Amino acid sequence: MSVRAEFDAWAADGRDRGMEERHWHTAKHALARMPVEPGDTILDLGCGSGYAGRALRETQDAGRVYGLDGSPEMVRNARSYTDDPDVAYVVGDFDALPFADGSIDHVWSMEAFYYAADPHHTLEEVRRVLRPGGTFYCAVNYYEENVHSHAWQERIDVEMTRWSGDEYREAFRDAGLSVAGQDNIPDREVEIPSAEAFPTDDWDSREAMVERYRTYGTLLTVGVAP
Ligand SMILES: C[S@@+](CC[C@H](N)C(=O)[O-])C[C@H]1O[C@@H](n2cnc3c(N)ncnc32)[C@H](O)[C@@H]1O
């Protein structure tokens, strides 16, 4: 199935807002770390409902924000959530970013990068559009060390790339980005029931759920363009 078909269906049944709610638990901490200065231009790769760009406008006075998504329905929904003239949502693919060389100050992506058909090429595209010193904040919950995410591929018909933290750093460097940092941001907001509630429909044990959210949380890799 194509990215478009898969995620148009998600947008049509409201999963864009559902993802926003869940991802916000860790995304807000990563977004707060971005070195955005007033007036900066931001690109959100795989923006879904588009919440991240709106947050950077509100909290860090970003100038122009672009949210790019391969799903026209996601883009349609995102547009309907704001009337801010400095926020634009565009349909596009990670393979060919519709932006000029050096035109973006910072790129953000949450739970989207690993859907890229060719993630190495996407990183080259990110580097191309970033201005010197611009950053790429790449946040993922689906990655090798997070063993609790491995089964997610079975539930979705779009090929996903499962890199380890090391592989993310190596791929960033291969694309010409230097790695400014990498860490796990724990999700401290998901409610974890007491031990007697386990097993649940989703979790065999409380320990597994704690590990998934409180230990692995979101892997954030930060790249800087030369
Ligand atoms: C799991 S959702 C995450 C959405 C949002 N970033 C969030 O945190 O809720 C992944 C999004 O990436 C988009 N996407 C996946 N692959 C893409 C590609 N190759 N090009 C553009 N968008 C893509 C999907 O359409 C979807 O909206």
Side-chain angles (χ1 to χ4, degrees), residues 1-34 42-57 65-82 87-99 104 106-126 128-129 136-143 146 149 151-163 171 175 185 187 189-190 213 217-221:
M1 194 185 276
S2 67
V3 163
R4 176 182 179 144
E6 178 77 37
F7 289 102
D8 272 357
W10 290 35
D13 66 18
R15 272 181 277 175
D16 58 331
R17 285 296 212 185
M19 288 190 290
E20 169 179 340
E21 205 177 298
R22 287 195 309 280
H23 296 163
W24 184 245
H25 296 177
T26 54
K28 64 183 169 194
H29 299 295
L31 287 164
R33 292 188 201 170
M34 288 181 78
I42 310 295
L43 169 61
D44 178 2
L45 288 185
C47 63
S49 75
Y51 66 91
R54 294 192 293 275
L56 289 174
R57 282 276 296 154
V65 166
Y66 297 99
L68 177 138
D69 204 286
S71 153
E73 290 300 317
M74 286 285 182
V75 167
R76 199 161 67 97
N77 283 2
R79 285 179 181 152
S80 75
Y81 302 142
T82 183
V87 176
Y89 296 107
V90 294
V91 178
D93 194 273
F94 298 164
D95 271 349
L97 303 181
F99 300 94
I104 304 289
H106 303 286
V107 178
W108 161 262
S109 184
M110 174 76 191
E111 278 292 85
F113 175 80
Y114 49 72
Y115 293 114
D118 181 349
H120 294 283
H121 178 64
T122 296
L123 285 172
E124 287 163 8
E125 279 289 274
V126 168
R128 178 184 67 74
V129 301
F136 178 31
Y137 275 62
C138 180
V140 294
N141 295 344
Y142 178 75
Y143 60 97
N146 181 5
S149 70
W152 298 355
Q153 176 68 87
E154 291 157 26
R155 294 184 225 145
I156 183 165
D157 222 0
V158 177
E159 183 94 11
M160 298 158 77
T161 294
R162 197 175 73 217
W163 282 343
I185 303 178
D187 181 337
E189 291 177 43
V190 162
Y213 290 104
T218 292
L219 177 72
L220 176 70
T221 308

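Predicted model, so just to flag it, every value in this text is computed and none were measured. Whatever order the structure lists ligands and atoms in, that order sets their numbers, starting from 1.
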Note down each nitrogen or oxygen pair, ligand 1 side and protein side, whose separation is under 3.5 Å; give only atom names and the distance to 0.1 Å.
{"unit_1": "ligand 1", "atom_1": "6 (N)", "unit_2": "G46", "atom_2": "O", "d": "2.7"}
{"unit_1": "ligand 1", "atom_1": "6 (N)", "unit_2": "M110", "atom_2": "O", "d": "2.8"}
{"unit_1": "ligand 1", "atom_1": "8 (O)", "unit_2": "H23", "atom_2": "ND1", "d": "2.8"}
{"unit_1": "ligand 1", "atom_1": "8 (O)", "unit_2": "Y51", "atom_2": "OH", "d": "2.7"}
{"unit_1": "ligand 1", "atom_1": "9 (O)", "unit_2": "H23", "atom_2": "ND1", "d": "2.9"}
{"unit_1": "ligand 1", "atom_1": "19 (N)", "unit_2": "D93", "atom_2": "OD2", "d": "3.3"}
{"unit_1": "ligand 1", "atom_1": "20 (N)", "unit_2": "F94", "atom_2": "N", "d": "3.1"}
{"unit_1": "ligand 1", "atom_1": "22 (N)", "unit_2": "G70", "atom_2": "N", "d": "2.9"}
{"unit_1": "ligand 1", "atom_1": "25 (O)", "unit_2": "D69", "atom_2": "OD1", "d": "2.5"}
{"unit_1": "ligand 1", "atom_1": "27 (O)", "unit_2": "D69", "atom_2": "OD1", "d": "3.2"}
{"unit_1": "ligand 1", "atom_1": "27 (O)", "unit_2": "D69", "atom_2": "OD2", "d": "2.6"}

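When all heavy atoms of F99 and V129 are compared, the closest pair comes out as O-CG1, 3.7 Å. Across every non-hydrogen atom of V91 and G70, the tightest pair is CG1-O, 4.3 Å.
Judged by distance alone, the side chain of R76 and the main-chain N or O of A11 form no donor-acceptor pair under 3.5 Å. Side-chain atoms of R22 never come within 3.5 Å of backbone atoms of V190 as a donor-acceptor pair (strictly under, hydrogens ignored).
Qualifying side chain to side chain contact (heavy atoms under 4.5 Å, CB included) partners for S149, counting only residues two or more places apart in sequence or in other chains: Y142, N146, W152.
The aromatic rings of W163 and F113 sit tilted relative to each other, their planes meeting at an angle between 30° and 60°.
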